[in-house]
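Worksheet for the structure shown next.
So that the names make sense, note that chain A is the first sequence line, chain B the second, and so on, each numbered from 1. In this text, all values refer to a predicted model and were calculated from it rather than measured experimentally.
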2 protein chains.
Amino acid sequence: MSVIDLSNLPFPGNNLRSFLDSVCEEHELDFAAYAGMDPIAQTIHGFVNYPDEWQTRYVSEGFQHRDPALLLASRSIAPVDWQRLRGESTFQDIFRAASDHGISEQGLTVPVRGPYGDVGLFSVTRNCSDREWGLLKSKILGGLQTAAVHLHDNVIQSHSLNRKLNHPSLSARELEILQWIAAGKSQQDVGDILSISNRTVEVHLRSGRSKLGALTTPQAVGRAIGLGLIHPS
Amino acid sequence: MSVIDLSNLPFPGNNLRSFLDSVCEEHELDFAAYAGMDPIAQTIHGFVNYPDEWQTRYVSEGFQHRDPALLLASRSIAPVDWQRLRGESTFQDIFRAASDHGISEQGLTVPVRGPYGDVGLFSVTRNCSDREWGLLKSKILGGLQTAAVHLHDNVIQSHSLNRKLNHPSLSARELEILQWIAAGKSQQDVGDILSISNRTVEVHLRSGRSKLGALTTPQAVGRAIGLGLIHPS
DNA sequence: CGGACCCTACGGGATTCCCCGTATAGCAGT
DNA sequence: ACTGCTATACGGGGAATCCCGTAGGGTCCG
């Protein structure tokens, strides 16, 4: 999974990095970070207002691939309080490293999903006691949720990113065939159903795989489902 | 798409219908409605605190399939203010019908997505002027967002719980292998990765397919993803 | 202790899929 | 008009999968 730094990209009409700062200021937070995951391109892109050294270290040690806050939030609907992760050794490892750079153990990650399988993860931290954190959290949760939606919406809408994260567009025929394959039909079956040659079915399937960046048909089916292009049956 | 009324289903520890009422009370709203779309089962399920006659009419006329508020929000990341829809004739039709039952034109629909392509749509209405609505909206947007997440999370949790009860559970090995297959590995690859024979891999795959009621491996991968047993990659 | 699974492993034979091509025709954009 | 993409179709050859078995060792439970 490659990492794309969005912090220097021009965005239409606003600067998302400074938006992080204003969220921190408004809600009495220390740091904020946005990470967007593209499940197909296998990329993570983002921007933070963490100290530069921590950001560098985080990426260079590949923390974004095993950070339990990101992993859990990327599979969750509701926000994930980092308190839930304290038992996990991976979290403890990353937190020990983070505390060297002044980042607190108190944090929260809000997931936001778009219609194409894209996930935005908005994390904030604040150095304070558990009790203070609990009070603060309930007070600002709505605002964080709104900020997360705003961030992810802007990132996904932005043209410059859409070029980087171009979602594969399968032809109607390719989708149709992939849908039948996902329904358990063989290539021959599909050919009979659609009244075309099984060889032609295989051609469409091949080009579908290629567009999805999949090595095998099962993987292509999985990705297409993950993108909402087809449905399991 | 069939319609499932969840309003009478028992939920663990809380009543979602009364949650709608409390959201209305807290935020000075007239009505609130939750609609969940399941792209796999092709169903819409939901519950509302609209007047019964309106609810009945809405469903009987199939409004849920063409309501522009739902359609737009289901493709959006950010909340959709119904003001944006005033130009659309479909919206005007539905609103004319709604106003017969005391529902205002002033409304908002908040979309929330889960990891499996599921979408929750939380709508609220308030009878007031455009200016009042603008002020109210900015004040309660965060709370609505939080409420929407809470609703959808609860519905999905209980829904997937139901599905897990009804579906056979795959062994850890079977899931592990299916996950690698979904990641584009061949049976031989998986055997090498797990240091077992490729024939053994095939055995697990076979039994996984059988448990999922799938005729082919691509179908099994699709179903496993649809059930949330594995993730696309 | 005897089933009931699960994990492991191997084999033969049939089927299917995948990769490499070639080829025509239509349709859309520039 | 040329270029590019899509849909259609065909074929050979090799690789992979799938289906039918057998079989020993492990765990868990009644």
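Among the protein residues, Thr217(B) comes within range of the sugar-phosphate backbone only, with heavy atoms under 4.0 Å from sugar or phosphate atoms but none that close to a base.
Of all nucleotides listed (dC10(D), dC20(D), dA7(D)), dC20(D) comes nearest to the side chain of Glu202(B). For Thr200(A), whose side chain is taken as the heavy atoms from C-beta onward, the closest listed nucleotide among dT8(C), dT8(D), dG11(C) is dT8(D). Considering only side-chain atoms of Arg209(A), the nucleotide from dC6(C), dC19(C), dG12(D) that sits closest is dC19(C). You'll find that the side chain of Ile196(A) is closest to dA9(D), out of dC19(D), dA9(D), dT17(D). Nearest nucleotide to the His204(A) side chain, out of dA9(D), dA7(D), dT8(C): dA7(D). For Val203(A), counting side-chain heavy atoms from C-beta on, the closest listed nucleotide (dC10(D), dC18(D), dG21(D)) is dC10(D). Comparing dT17(D), dA7(D), dC7(C) by their nearest atom to the side chain of Glu174(A) picks out dA7(D).
One interatomic measurement links the two molecules: CD of Gln219(A) to C1' of dC17(C), which rounds to 16 Å at whole-angstrom precision. In this structure, CG of Leu205(A) is placed 6 Å from P of dC18(C), rounded to the nearest angstrom. Between the CD1 atom of Ile181(A) and the P atom of dC18(D) there is a distance of 12 Å, given to the nearest Å. Between Gln188(A) atom CD and dC18(C) atom P there is a gap of 14 Å when expressed in whole angstrom units. We find that CG of Asn198(A) is positioned 18 Å from P of dA7(D), with the value rounded to whole Å. Between Arg206(B) atom CZ and dA16(D) atom C1' the separation is 15 Å, expressed in whole Å. Residue Leu194(A) contributes atom CG, which lies 14 Å from atom C1' of dA9(D) at whole-angstrom precision. One can place CD of Gln187(B) at 16 Å from P of dG11(C), the figure rounded to the nearest angstrom.
No hydrogens or angles were tested; on distance alone, a donor-acceptor pair under 3.5 Å links the side chain of Arg199(A) to the base of dG12(D).
When each of Thr216(B) and Ala172(B) is assigned the nucleotide of DNA chain C with its nearest heavy atom, Ala172(B) is the one assigned upstream, toward the 5' end.
A salt bridge does not link Arg66(B) with Asp93(B): every distance from a Lys NZ or Arg NE/NH1/NH2 to an Asp or Glu carboxylate oxygen is 4.0 Å or more. A salt bridge is defined here as a Lys NZ or Arg NE, NH1 or NH2 lying under 4.0 Å from an Asp or Glu carboxylate O, and Glu202(B) with Arg199(B) fails to meet this definition. By the 4.0 Å N-to-carboxylate-O rule, Asp130(A) lies close enough to Arg86(A) to be salt-bridged with it. Between Asp81(A) and Lys137(A), at least one side-chain nitrogen of the basic residue sits less than 4.0 Å from a carboxylate oxygen of the acidic one, meeting the salt-bridge criterion.
Distances shorter than 4.0 Å separate some side-chain N or O of Lys211(B) from OP1 or OP2 on dC6(C). Here Ser186(B) does not reach the OP1 or OP2 of dA16(D): none of its side-chain N or O atoms lies under 4.0 Å away. Within the 4.0 Å cut-off from OP1 or OP2 of dT8(D), at least one side-chain nitrogen or oxygen of Arg173(A) is found. Taking only side-chain nitrogens and oxygens, Ser171(B) comes nearer than 4.0 Å to OP1 or OP2 of dC7(C).
The two atoms that bring Gly184(B) and Leu215(A) nearest to each other are O-CB, 3.8 Å, heavy atoms only. Heavy atoms only, all atoms of each residue included: Ser74(B) and Val119(B) are closest at CA-CG1, 4.4 Å.
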